[in-house]
Enquirer: 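Could you have a look at this structure, given as structure tokens, before my questions?
So that the names make sense, note that chain A is the first sequence line, chain B the second, and so on, each numbered from 1.
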There are 2 protein chains.
Amino acid sequence: MAGVSQSAVSRAFSPTASISARTRQKVLAAAASLGYRPNRIPAIMLSGRSYMVGVVIGGLQNPFYATALEQLATALRENGLQVMLMHVEDAVTLDSALDQLVSYRIDAVVTSLAIGSDTVVRALSQLGIPVVCFNSSRVGPWISTVNSNNHGAGLTAARLLAHNGIRYPVWLAGPVRNAASRARGEGFRQGLHDAGSPPAALSVLQGDDTYDSGYDAIARLKKRGVRPDGIFASNDMMACGAIDALRECMGLHCPRDVIILGYDNIPQAAWRSYDLTSFSQHTEHMVARTMELLDEALATQDTPLSRTYVVDAQLIERGSTGCAP
Amino acid sequence: MAGVSQSAVSRAFSPTASISARTRQKVLAAAASLGYRPNRIPAIMLSGRSYMVGVVIGGLQNPFYATALEQLATALRENGLQVMLMHVEDAVTLDSALDQLVSYRIDAVVTSLAIGSDTVVRALSQLGIPVVCFNSSRVGPWISTVNSNNHGAGLTAARLLAHNGIRYPVWLAGPVRNAASRARGEGFRQGLHDAGSPPAALSVLQGDDTYDSGYDAIARLKKRGVRPDGIFASNDMMACGAIDALRECMGLHCPRDVIILGYDNIPQAAWRSYDLTSFSQHTEHMVARTMELLDEALATQDTPLSRTYVVDAQLIERGSTGCAP
DNA sequence: TTGTATGCGTTATCAA
DNA sequence: TTGATAACGCATACAA
């Protein structure tokens with residue numbers, strides 16, 4: 001009815017196409033009245049690019065990941081990329097999840113999963129598309145990583161404890177398979193060692209990054225008869241659980257009896273009941289680096305890119321280490 | 001090289017296709033060795049169904065929405081649907097966001113946005129695809145909603161306050177445009193009225209669903225010279241802020257001096273420092289209802305479905321209303 | 001059961 | 001500037 005060819009319609013919606021203003025007007029008017037909207041699906045077949053990025057994530061109940069996802073989604077959209085979200089609880093479902101993503105011809109994958117096993121790394125490598133990992137230092141062809149300086153933060157935490165004359169330090173660890181957590185712990189040990197603290201003084205508690213695991217860990221510590229005076233927790237949620245348990249189970253108050261540091265600087269760390277000193281991962285920077293990696297990797301689509309960025313974490317001092325509000 | 005036709009390949013990957021086990025074997029073996037994976041994009045063109053659902057969400061820093069998204073994403077994947085995530089901060093970006101989603105031929109939209117304006121409703125209706133709204137009772141063609149019983153929860157909150165002999169109740173409201181929050185407030189007013197509380201006794205504080213706004217609201221209340229003894233907050237984050245402000249600014253402790261209820265039952269409500277009584281929205285139920293709506297709407301693709309589900313919110317009593325832990 | 005042919009809605013190429 | 005045409009990778013109807 002509009003009396004134009006199908007190519008004219010295509011050109012009308014392409015800003016760079018060579019088309020007269022008159023024709024474009026006519027097409028756009030007809031489109032508006034008919035409710036026509038261009039379909040991007042065929043273009044995916046022709047160009048081989050979908051402009052969709054698979055975002056594989058787990059543990060959204062951790063506000064850190066929720067915030068990171070929010071920022072990442074915003075950044076991707078600003079760069080003309082769509083987010084195909086895949087929530088994964090365990091490595092078992094990851095394989096089929098990746099299959100699904102690949103069948104939609106996503107251009108790349110961004111994941112914040114704590115990649116623990118080599119099989120997962122291999123699966124990611126074999127996709128043959130760029131992969132960017134948040135906070136998991138595993139590498140391989142096609143795989144790039146953006147990490148915060150976990151080891152350095154551990155050192156800083158140890159120094160701060162030493163500076164406060166801590167004698168009974170505690171490392172509240174995250175899941176064993178979490179490489180970022182391990183790096184924080186190693187930095188912390190080394191920092192304590194550098195400060196002359198005897199290794200035997202350190203108590204190590206195993207948690208799983210949840211509030212409850214932080215709470216329970218302190219309860220276990222009490223049974224062991226240890227009275228801590230300085231704690232570094234691998235993330236803020238465990239630190240919050242620890243603060244509550246210290247008060248309720250051991251009658252210890254923060255920072256009077258014990259100082260404590262967390263990691264991630266989640267919003268709750270600033271809530272007055274916790275007032276928790278923490279390391280900020282600067283997700284804005286990390287997201288920006290991720291976008292750079294994606295841009296570069298997608299520009300050179302054929303050649304596997306494998307790069308690592310390390311973004312320094314910033315110590316945010318609050319009341320839990322004695323800093324005035 | 002495999003010596004089979006292109007249709008044979010297609011059939012090998014279709015569980016229902018008529019193909020011999022031998023041929024399928026051969027194809028799958030060749031696919032594995034060549035790294036071939038079927039492409040779902042052409043099928044979208046042929047069938048007109050993408051099996052992608054647009055999920056439009058805002059405010060992921062609220063753990064309630066983060067958890068809801070997690071459950072929704074899981075449910076969608078279990079039903080063979082992909083999640084195309086769209087994070088939207090303001091209604092301005094919504095329009096272009098919807099355009100992008102539609103150009104990818106998503107089958108439906110699920111949104112948890114607080115739909116405030118009629119223009120947004122119209123935009124959603126005009127997509128011509130099923131839309132399911134979480135907690136926003138606006139209706140229109142193609143639009144279905146899944147709400148929690150906000151009004152009923154308000155009534156319950158008022159009754160609980162009345163039962164505790166509260167004389168100076170406070171309603172800590174969410175954003176004005178948030179229909180769910182308004183319904184909670186109306187239920188609360190009505191419940192107070194039913195209990196014989198004089199309307200003038202009620203203090204109304206305006207918040208925006210953030211922790212800070214809850215904190216600041218209480219600070220304002222102090223300036224007004226009001227000493228509250230019972231508070232109903234439109235969400236848990238504001239309630240947490242209020243609890244901290246009550247203690248820090250007014251020296252009031254919970255539940256000794258003032259009892260308080262929130263809404264959403266976020267994980268932090270169970271954290272020991274807050275121990276907050278709250279209404280659980282039963283996101284599992286709401287997500288299940290959402291999936292039912294989607295299934296039905298996608299089955300009858302041509303005819304606009306418009307249905308409303310109301311899921312009762314459940315009162316979870318904790319220490320903030322005097323319930324023993 | 002298997003292979004051949006057609007078409008889905010675009011973009012890119014080429015001719016007019 | 002415009003229109004006609006090929007091609008993208010698969011599913012399906014049909015023929016063998």
Side-chain angles (χ1 to χ4, degrees), chain A residues 1-32 34-52 80-82 84 99-107 127-129 298 301-302, chain B residues 1-52 80 82 84 99-107 127-129 298 301-302:
Chain A
M1 80 165 265
V4 297
S5 72
Q6 196 274 319
S7 330
V9 178
S10 174
R11 284 191 269 256
F13 284 95
S14 163
T16 63
S18 134
I19 183 176
S20 71
R22 218 182 90 78
T23 310
R24 173 169 278 147
Q25 282 294 328
K26 191 156 67 170
V27 171
L28 294 183
L34 295 171
Y36 167 88
R37 316 233 196 175
N39 183 345
R40 294 197 64 175
I41 298 296
I44 300 176
M45 291 176 58
L46 293 178
S47 68
R49 294 246 333 202
S50 64
Y51 295 91
M52 298 191 290
L81 296 169
Q82 305 300 318
M84 189 160 270
D99 266 354
Q100 299 207 13
L101 286 178
V102 169
S103 71
Y104 277 88
R105 291 302 185 259
I106 52 168
D107 289 340
L127 296 180
I129 56 175
L298 293 178
Q301 233 171 339
D302 37 354
Chain B
M1 80 165 267
V4 296
S5 72
Q6 187 269 313
S7 354
V9 177
S10 174
R11 284 190 268 257
F13 284 96
S14 163
T16 65
S18 136
I19 183 176
S20 71
R22 219 183 90 77
T23 310
R24 173 169 279 144
Q25 283 295 329
K26 189 156 68 171
V27 171
L28 295 183
S33 82
L34 295 172
Y36 167 87
R37 318 234 195 173
N39 182 344
R40 294 198 62 175
I41 299 295
I44 300 176
M45 293 176 57
L46 295 178
S47 69
R49 296 244 331 195
S50 64
Y51 295 91
M52 298 191 290
Q82 305 300 318
M84 188 161 271
D99 266 356
Q100 299 206 13
L101 286 177
V102 169
S103 72
Y104 276 89
R105 291 300 184 262
I106 52 167
D107 289 340
L127 297 180
I129 57 175
L298 292 178
Q301 233 171 339
D302 36 354

Enquirer: Classify Tyr36(B) by what it touches in the nucleic acid, base, sugar-phosphate, or nothing, heavy-atom distance under 4.0 Å.
Expert: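 Answer is sugar-phosphate: Tyr36(B) comes under 4.0 Å of backbone atoms only.
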Enquirer: Starting at OH of Tyr104(A) and ending at P of dG9(D), how long is that distance when rounded to a whole Å?
Expert: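 Rounded to the whole Å, the gap is 18 Å.
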Enquirer: Return the set of residues passing side-chain hydrogen bond (donor to acceptor under 3.5 Å, both in side chains) with Asp99(A) (not counting sequence neighbours), or none when no residue passes.
Expert: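 For Asp99(A) the side-chain hydrogen bond (donor to acceptor under 3.5 Å, both in side chains) partners, ignoring immediate neighbours, are Arg37(B).
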Enquirer: Please round to the nearest 0.5 Å and tell me the distance separating atom CD1 of Ile106(A) and atom CD of Gln82(A).
Expert: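 Result: 13.0 Å between the selected atoms.
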Enquirer: Polar-atom pairs under 3.5 Å, protein N or O versus N or O of nucleotides 2-6 of chain D: list them with distances, or write none.
Expert:
| unit_1 | atom_1 | unit_2 | atom_2 | d |
| --- | --- | --- | --- | --- |
| dT2(D) | OP1 | Ser20(A) | OG | 3.0 |
| dT2(D) | OP1 | Thr23(A) | OG1 | 2.4 |
| dT2(D) | OP2 | Ser20(A) | N | 2.9 |
| dT2(D) | OP2 | Ser20(A) | OG | 3.3 |
| dT2(D) | OP2 | Thr23(A) | OG1 | 3.1 |
| dG3(D) | OP2 | Ser5(A) | N | 3.3 |
| dG3(D) | OP2 | Ser5(A) | OG | 3.1 |
| dG3(D) | N7 | Arg11(A) | NH2 | 2.5 |
| dG3(D) | O6 | Arg11(A) | NH1 | 3.4 |
| dA4(D) | N7 | Ser7(A) | OG | 3.2 |
| dA4(D) | N6 | Ser7(A) | OG | 3.2 |

Enquirer: Measuring only between side-chain heavy atoms, which start at C-beta, is Phe13(B) closer than 4.5 Å to Leu28(B)?
Expert: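 Contact flag for Phe13(B)/Leu28(B) side chains = yes.
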Enquirer: Which residues in residues 38-48 of chain B have at least one heavy atom lying under 4.0 Å from any atom of DNA chain C?
Expert: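 Those residues whose heavy atoms fall under 4.0 Å from DNA chain C, taken from residues 38-48 of chain B in numerical order, are Met45(B), Leu46(B).
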Enquirer: Checking Ile19(A) now: which residues fulfil side-chain contact (heavy atoms from CB on, under 4.5 Å) with it, not counting sequence neighbours?
Expert: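 Result, side-chain contact (heavy atoms from CB on, under 4.5 Å) vs Ile19(A): Arg11(A), Ala12(A), Thr23(A), Arg24(A).
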Enquirer: Calculate, to the nearest 0.5 Å, the distance between atoms CE and OH belonging to Met84(A) and Tyr104(B) respectively.
Expert: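 Separation between the atoms: 9.0 Å.
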Enquirer: Kindly compute the distance separating CG (Leu298(A)) from CG (Leu81(A)), expressed to the nearest 0.5 Å.
Expert: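 Rounded to the nearest 0.5 Å, the CG-CG separation comes to 6.5 Å.
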Enquirer: Measuring from Ile41(A):CD1 to Ser103(B):OG, what's the distance to the nearest 0.5 Å?
Expert: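 Rounded to the nearest 0.5 Å, the CD1-OG separation comes to 8.0 Å.
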Enquirer: So how far off straight is the helix from dT1(C)-dA16(D) to dA16(C)-dT1(D), going by the axes through five pairs at either end, to 10°?
Expert: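 It works out to 40° between the end axes.
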Enquirer: Could you give the distance from OG (Ser47(A)) to CG (Asp107(A)), rounded to the nearest 0.5 Å?
Expert: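 Reported to 0.5 Å precision, the distance equals 8.0 Å.
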Enquirer: Taking side-chain contact (heavy atoms from CB on, under 4.5 Å) as the test, write out the residues that go with Ser10(A), two or more places apart.
Expert: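 Counting only residues at least two positions away or on another chain, Ser10(A) forms no side-chain contact (heavy atoms from CB on, under 4.5 Å).
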Enquirer: Which value, rounded to the nearest 0.5 Å, describes the distance between Ile44(B) atom CD1 and Ile44(A) atom CD1?
Expert: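 Between Ile44(B) CD1 and Ile44(A) CD1, I get 6.5 Å after rounding to 0.5 Å.
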Enquirer: Once you round it to whole Å, what is the distance between P of dT12(D) and CZ of Arg49(B)?
Expert: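 Distance, rounded to whole Å: 13 Å.
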